[in-house]
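One structure is given here, and the rest of the page talks about it.
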Amino acid sequence: MYKIASLPGDGIGVEIIPEAIKALKAIGERFGHEFSFTEALVGGAAYDAVGHPLPAETLELCRNSDAVLLGAIGGPKWDELPVHLRPEVGALLPLRKELGLYANLRPCILFPGLIKASTLKEEVISGVDLLVIRELTGGLYFGEKKREPLPGGGEKATDILSYSTFEIERIVRFAYRAARRRRNILCSVDKANVLESSRLWRETVTELAREYPDVETTHMYVDNCSMQLIRNPRQFDVIVTENMFGDILTDEASMLTGSIGMLPSASIGGTVALFEPAHGSAPDIAGLNKANPLATILSAAMMLRYSFDLEQEARVIEQAIHQILDQGYRTPDLMEEGMTMLGTSAMGDLVAAAIEDQKENK
Ligand code: NAD
């Protein structure tokens, strides 16, 4: 029995999580595993119900589960709350911190069926298969934040960006181990020409590189990396970077896969890992059955792989998605001429059915 905490959250979160649960249940049926799901409130929905975006019971449930499946949180309704009660700052960041989730893995793989869905040229994105490893519990998002009135009027706002050697070593070693399981190429991304925290980052990576002579290590400034991702994404195997750079670069990288609705993520480091799509709550399409659930279903596949060591089962989910895309089914974000458009729940149904259909080939 695998105990999964299910936190749909806000916006499209409540539409995509049920689709990932369908896929996991289909896997359970097919392979004889029992997955139990306990749902809890998080984000704006939790604030509305109990006055805090991360209720103590939700955190407790996560701690006592084998893995956490999260939809997305936030939205305009909660944007004016005091900062500590806003869903992103009041729930997402403490959840990551409390569970010790310092490594965020975002695999960016182009499904061949989607090569025309991207806004980029086919010859540029064909064969893209890279992994971004983003540091998740340090840097600017967790540093001290303050506002001070200025004597002459107006205000001064400050966010502190700091990293310690320990935090850098921990994530970079993680990235080296990941590179060894892939093509042995690691690109460390920083802004060492301007930022002191980046200079420590680069020195630490340079030092650690000696321990991994079998891995080719390169350094790249973040501004150059954002350009190289579009110019020649196939040059990358594993990218390791700090929190905010990783946040921004992975939204950009998602377009290599056709849509942000295709980018899953796993947050790892503590005893319980958390799996969520890389995108947000998409308030502009929430409640319209238009959201692409595949990033969330792919995140469920990552859960099988990383939390439960069920590699074959993870591949069955990925294969089912391959199959459906090859058959021409698309959510609106991926729509092209000649394809069949489906809503969120119909896409989830098809994935679950494709998982079940492969039963005979077990
Ligand atoms: P977003 O990722 O929610 O949306 C950006 C664009 O991508 C929108 O046009 C949206 O419709 C589209 N999109 C996103 N996911 C999609 C999907 N699965 N299928 C189809 N289209 C999809 O980013 P945003 O608009 O900057 O943020 C909206 C809210 O989400 C904000 O409150 C933000 O703070 C929050 N947010 C939460 C998380 C999280 O929960 N981890 C991450 C990012 C943003």
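We count ligands from 1, going down the list as the structure has it; atoms in each ligand are counted the same way. Side chains are part of it too, since the values below use all heavy atoms of this structure and drop only hydrogens, waters and symmetry mates.
- Nearest protein neighbour of atom 35 (C) of ligand 1, counting heavy atoms only, is Ile73 O, 3.2 Å.
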Inset, instruction - Mind running side-chain hydrogen bond (donor to acceptor under 3.5 Å, both in side chains) on Asn104 and Arg106 for me, showing each step along the way? - result: CA-CA 7 Å; Asn104 184 228; Arg106 297 187 168 188; 2.7 Å; yes
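- Distances from atom 5 (C) of ligand 1 to the protein include no heavy-atom value under 4.0 Å.
- The protein heavy atom nearest to atom 15 (N) of ligand 1 is His279 CG, 3.1 Å.
- Of the heavy atoms in Ile12, only side-chain atoms (C-beta onward) come closer than 4.0 Å to ligand 1.
- Here the shortest heavy-atom distance to atom 8 (C) of ligand 1, taken over Leu7, Asp284, Leu70, Asp10, belongs to Asp284.
- Shortest contact from atom 42 (C) of ligand 1 to any protein heavy atom: Gly280 CA, 3.6 Å.
- With a 4.5 Å cut-off on side-chain heavy atoms, Asn224 and Met227 count as touching.
- The protein non-hydrogen atom at the shortest distance from atom 19 (N) of ligand 1 is Asn292 N, 2.9 Å.
- In this comparison of Pro283, Gly71, Gly75, the heavy atom closest to atom 28 (C) of ligand 1 sits on Pro283.
- Remark: of the listed residues Thr250, Asn243, Thr241, Asn243 is the sole one forming a side chain to side chain donor-acceptor pair (under 3.5 Å) with Arg134.
- For atom 26 (O) of ligand 1, the nearest protein heavy atom lies 4.0 Å or farther away.
- Comparing heavy-atom distances from atom 14 (C) of ligand 1 across Val89, Asp333, Ile260 singles out Ile260 as nearest.
- Comparing Gly74, Ala282, Ser281 against atom 30 (O) of ligand 1, the shortest heavy-atom distance belongs to Ser281.
- Listed by number with element, the atoms of ligand 1 under 4.0 Å from a non-hydrogen atom of Ala291 are 19 (N).
- If you check which protein heavy atom lies closest to atom 21 (N) of ligand 1, you get Ile285 CD1, 3.6 Å.
- Ring orientation note: the planes of Tyr163 and Trp201 are nearly perpendicular, at an angle over 60° on the 30°/60° scale.
- Counting heavy atoms closer than 4.0 Å to ligand 1, residue Leu92 contributes side-chain atoms (C-beta onward) but none from N, CA, C or O.
- Atoms of ligand 1 found under 4.0 Å from any heavy atom of Ala72 (numbered from 1 in listed order, with element): 40 (O).
- Using a 4.0 angstrom heavy-atom cutoff, Ala295 does not count as in contact with ligand 1.
- Ring pair Phe35/Phe37 is tilted by interplanar angle, where 30° to 60° counts as tilted.
- Side chains of Leu95 and Leu7 form a contact here, defined as non-hydrogen atoms less than 4.5 Å apart.
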Inset, instruction - Could you check Asp48 against Trp78 for side-chain hydrogen bond (donor to acceptor under 3.5 Å, both in side chains), going step by step and ending with a plain yes or no? - result: CA-CA 9 Å; Asp48 287 349; Trp78 303 284; 3.1 Å; yes
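- For atom 31 (C) of ligand 1, the closest non-hydrogen atom on the protein side is Glu88 OE2, 3.6 Å.
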Inset, instruction - Let me see the working for Met255 and Thr119 under side chain to side chain contact (heavy atoms under 4.5 Å, CB included), right down to the final yes or no. - result: CA-CA 7 Å; Met255 284 320 295; Thr119 49; 4.1 Å; yes
Legend entry - side-chain hydrogen bond (donor to acceptor under 3.5 Å, both in side chains) between Thr217 and Tyr176, intermediate numbers included: CA-CA 9 Å; Thr217 306; Tyr176 271 115; 2.7 Å; yes
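- Any N or O atom pair closer than 3.5 Å counts here, and Glu276 shares at least one such pair with ligand 1.
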Inset, instruction - Take Glu203 and Thr206 through the test side-chain hydrogen bond (donor to acceptor under 3.5 Å, both in side chains) and record every step on the way to the result. - result: CA-CA 5 Å; Glu203 284 164 24; Thr206 304; over 6 Å; no
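- Asn232 places none of its side-chain heavy atoms less than 4.5 Å from the side chain of Val124.
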